[in-house]
Amino acid sequence: MSSTWNNNIGFTVFGESHGPAIGVVMDNVPPGESIDLDKIYQFMARRAPKQNKTSTQRKEKDMPQIMSGYFNGKTTGTPLCALIANTDQHSQDYSNLSRLARPGHADYTGALRYRGFNDVRGGGHFSGRLTAPLCFAGAVAGQILEKRGIYVGAHIAEIHGIKDKAFDPINTTKDMIREVREKEFPTIIDVQGNEMIKEIDKARKDKDSVGGIIECIAINVPAGIGSPIFDGLENSIAQLIFGIPAVKGLEFGAGFKVAEMTGSENNDEFYVNDKGHVVTKTNNHGGILGGIASGMPISLRVAFKPTPSIARPQATVDYSAMKNETLEVKGRHDPCVVPRAVPCVEAAVNIALLNHMLEYPNF
Ligand SMILES: Cc1cc2nc3c(=O)[nH]c(=O)nc-3n(C[C@H](O)[C@H](O)[C@H](O)COP(=O)(O)O)c2cc1C
Ligand SMILES: C=C(O[C@@H]1CC(C(=O)O)=C[C@@H](OP(=O)(O)O)[C@H]1O)C(=O)O
């Protein structure tokens, strides 16, 4: 099922960017969990369109309306459904896109898959807007995890070659995670963030776009959760991360750099620390061995491509007439999707971790 993730936690995202609403139904959320709605709204506001230099100008409040599964401040355990209204659609910008494919977007492949019946307005079901329901589900999962001491945080690690400092792969604390989360532009080093904003604005002025990398870390994940082969932590996280549009790469721990290392450089040696816990001296494994948490921080990096919809004329095809054409994309697009995708990455990791935590004894 394409827009359903069916696991210990199940959830379906539904809707189109220019339809009346988008939303999510979550199943198997544990009953009796206190959920602070203000914190859910804050989480979703980090992703919502910002109408600033780095964001689409579309105005959406992204206020979730909870339809079921929540009563007296707590989850009921029955399906948790949230609806998010679409209120600021400019559908005329998309009038030519059912026959002209935007290079880099899903218009062409979507038309093939759905035999031309897909809603192309605003990217329809393929839109980055569908990450709003993902963020709702991820915010709920995050609150349940934080009650068990597990914190997940992300920051912009790189935009078009401009780099932020990385999270400490061993000693990142919940305060460090919270600090970067609360920033308007989430980088660890603010001056680097300002350079990134300039780079995004430059691309926008050039009628172009840029991509980048988001780094995410999860701390206090209990050693032993996860499974081997097809149901490991990496598997679940990857499946949800690739549910975020524009993601093209994912690496855990030292990632692609492992290919340049020897075994003695890459292996993370074990020792017993002063609290009597088994830990590793380094964290190239990114907190996961054999699909199972080692107890060290789980770390990952996610590469995002530059926004496909750019205002420059580009070659494309009219696939109804099968002839070559030139397209100038209209609409209000993000010159870079990365800043708004930071909470989306956190949301995906939150859901994957909660999913595996449900297997944990005495959850
Ligand atoms: C938060 C977010 C915002 C996005 N905003 C835009 C946008 O304004 N314009 C656009 O063309 N693509 C945008 N995208 C990316 C497209 O939705 C995506 O590239 C497209 O659906 C094709 O999917 P793919 O890149 O995963 O193959 C956004 C993605 C995310 C995660
Ligand atoms: C609305 C959102 O982002 C949209 C994601 C998007 C795309 O193609 O992915 C295209 C744009 O849609 P529109 O042309 O309708 O403004 C963005 O604004 C959102 O994220 O909430």
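Please read these numbers as outputs of a predicted model, since none were measured by experiment.
- For the atom pair CD (Q192) and CD1 (I197), the distance works out to 11.5 Å, reported to the nearest 0.5 Å.
- Within a 6.0 Å radius of CD in E269, other residues, nucleotides and ligands contribute 12 heavy atoms or fewer.
- A donor and an acceptor atom, one from each side chain of S320 and D318, are located under 3.5 Å apart.
- Side-chain N or O atoms of T75 include none that pairs as donor or acceptor with a backbone N or O of Y70 at under 3.5 Å.
- Panel note: side chain T173, backbone M176; a donor-acceptor pair is recorded below 3.5 Å.
- Around the CZ atom of R113, the shell of radius 6.0 Å holds no more than 12 heavy atoms that belong to other residues, nucleotides or ligands.
- Residues R47 and T131 have side chains that bring a donor and an acceptor to within less than 3.5 angstrom of each other.
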Derivation of the salt bridge (Lys or Arg N to Asp or Glu O under 4.0 Å) call for K257 and E260: CA-CA 6 Å; K257 286 205 188 84; E260 298 157 19; over 6 Å; no
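- Heavy atoms only, all atoms of each residue included: A293 and L233 are closest at N-CD1, 3.5 Å.
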side-chain contact (heavy atoms from CB on, under 4.5 Å) between R46 and C135, worked out: CA-CA 9 Å; R46 290 166 61 206; C135 282; over 6 Å; no
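- Summarising the geometry of G138 relative to N350, their closest heavy-atom pair is O-ND2, 2.9 Å, with the distance given to 0.1 Å.
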Derivation of the side-chain contact (heavy atoms from CB on, under 4.5 Å) call for I9 and I351: CA-CA 8 Å; I9 290 281; I351 299 165; 4.2 Å; yes
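- Linking ILVMFWY side-chain heavy atoms closer than 4.5 Å, directly or via other members, places F11 and I144 in a single hydrophobic cluster.
- For the pairing with F185, the side-chain contact (heavy atoms from CB on, under 4.5 Å) check across D190, N194, V342, T54 returns one residue only, T54.
- C344 contributes atom SG, which lies 9.0 Å from atom CD1 of I241 (distance to the nearest 0.5 angstrom).
- We find the CZ-CG distance between F43 and D38 to be 15.0 Å, quoted to the nearest 0.5 Å.
- In summary, the side chains of E16 and H125 do not present any donor paired with an acceptor at a separation below 3.5 Å, with no hydrogens or angles considered.
- A salt bridge between E325 and K323 is present, with a side-chain N of the basic residue lying under 4.0 Å from a carboxylate O of the acidic one.
- Transitive grouping of hydrophobic side chains (ILVMFWY, heavy atoms separated by less than 4.5 Å) brings I35 and L354 into a common cluster.
- A donor-acceptor distance shorter than 3.5 angstrom exists from the side chain of Q57 to the backbone of S55, with no hydrogens or angles considered.
- A donor-acceptor pair shorter than 3.5 Å can be found between the side chains of E359 and N8.
- Residues S209 and H333 bring no donor and acceptor atom of their side chains to less than 3.5 Å of each other.
- A distance of 13.0 Å separates OH in Y360 from CG in L353, rounded to the nearest 0.5 Å.
- S17 and R58 form a side-chain donor-acceptor contact under 3.5 Å, judged by distance and modelled atom types alone.
- You'll find the side chain of I200 stays beyond 4.5 Å of the side chain of K53, heavy atoms only.
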ring-ring contact (aromatic ring centres under 6.0 Å, His included) between Y94 and H18, intermediate numbers included: CA-CA 10 Å; Y94 292 85; H18 286 206; 5.3 Å; yes
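- Using a cutoff of 4.0 Å between basic side-chain nitrogens and carboxylate oxygens, R181 and E346 are scored as salt-bridged.
- The shortest non-hydrogen separation linking H356 to S236 is NE2-OG, 2.6 Å.
- Side-chain atoms of R148 and N220 include no donor-acceptor pair closer than 3.5 Å.
- The hydrophobic clustering, which links ILVMFWY residues whose side-chain heavy atoms are closer than 4.5 Å, places I217 and L300 apart.
- With rounding to the nearest 0.5 Å, the separation of CD in Q92 from CD in Q89 is 10.5 Å.
- Under the 4.5 Å side-chain contact rule for hydrophobic residues, I310 and I159 do not share a cluster.
- Here the side chain of D88 pairs a donor or acceptor atom with the backbone of K59 at under 3.5 angstrom.
- Listed for the N324 side chain is no donor-acceptor partner under 3.5 Å among the backbone atoms of V317.
- Side-chain N/O atoms of T4 and T12 include a donor and acceptor closer than 3.5 Å.
- Judged purely by distance below 3.5 Å, without hydrogens or angles, the side chains of S299 and E215 never pair a donor atom with an acceptor atom.
- The minimum heavy-atom distance between G193 and T187, with the atom names listed, is CA-OG1, 3.5 Å.
- I288 is connected to M357 through a chain of hydrophobic side-chain contacts under 4.5 Å among Ile, Leu, Val, Met, Phe, Trp and Tyr, so both are in one cluster.
- Looking at T56, its side chain does come within 3.5 Å of a backbone N or O of R332 through a donor-acceptor pair.
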Stepwise side-chain contact (heavy atoms from CB on, under 4.5 Å) check, E33 with K74: CA-CA 5 Å; E33 296 287 340; K74 290 193 165 76; over 6 Å; no
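- Checked by atom type and distance alone, the side chain of N283 pairs as donor or acceptor with a backbone atom of G287 at under 3.5 Å.
- Checked by atom type and distance alone, the side chain of N284 never pairs as donor or acceptor with a backbone atom of A254 at under 3.5 Å.
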side-chain contact (heavy atoms from CB on, under 4.5 Å) assessment of Q143 paired with D36: CA-CA 8 Å; Q143 287 193 28; D36 180 337; 3.7 Å; yes
Pair R204-D201, salt bridge (Lys or Arg N to Asp or Glu O under 4.0 Å): steps then yes or no: CA-CA 5 Å; R204 187 180 62 82; D201 198 37; 2.6 Å; yes
Pair D93-R121, salt bridge (Lys or Arg N to Asp or Glu O under 4.0 Å): steps then yes or no: CA-CA 8 Å; D93 292 340; R121 300 167 307 159; over 6 Å; no
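- H155 and D164 form a side-chain donor-acceptor contact under 3.5 Å, judged by distance and modelled atom types alone.
- Residues N355 and N28 form no side-chain contact, since every pair of their non-hydrogen atoms from C-beta on lies 4.5 Å or further apart.
- Of the possible donor and acceptor atoms, one in the side chain of N273 sits under 3.5 Å from a partner among the backbone N and O of H277.
- Judged by distance alone, with hydrogens and angles left aside, the side-chain atoms of T307 form a donor-acceptor pair with the main-chain N or O of D334 at under 3.5 Å.
- The side-chain heavy atoms of M63 and I84, taken from C-beta on, include no pair separated by under 4.5 Å.
- In this structure, Q51 places its CD atom where more than 12 heavy-atom neighbours from other residues, nucleotides or ligands lie under 6.0 Å away.
- A side-chain contact (heavy atoms from CB on, under 4.5 Å) with F304 holds for exactly one of I213, I156, V345; it is V345.
- Rounding to the nearest 0.5 angstrom, the gap separating the CG atom in D168 from the CG atom in N171 is 4.5 Å.
- Minimum heavy-atom separation, K50 to A45: NZ-O, 2.9 Å.
- Between P30 and F363, the closest heavy-atom pair is CG-CE2, 3.8 Å.
- A donor atom on one side chain and an acceptor atom on the other are found under 3.5 Å apart for T282 and D268.
- Between S309 and R102, the side chains place a donor N or O and an acceptor N or O closer than 3.5 Å (distance only, hydrogens not considered).
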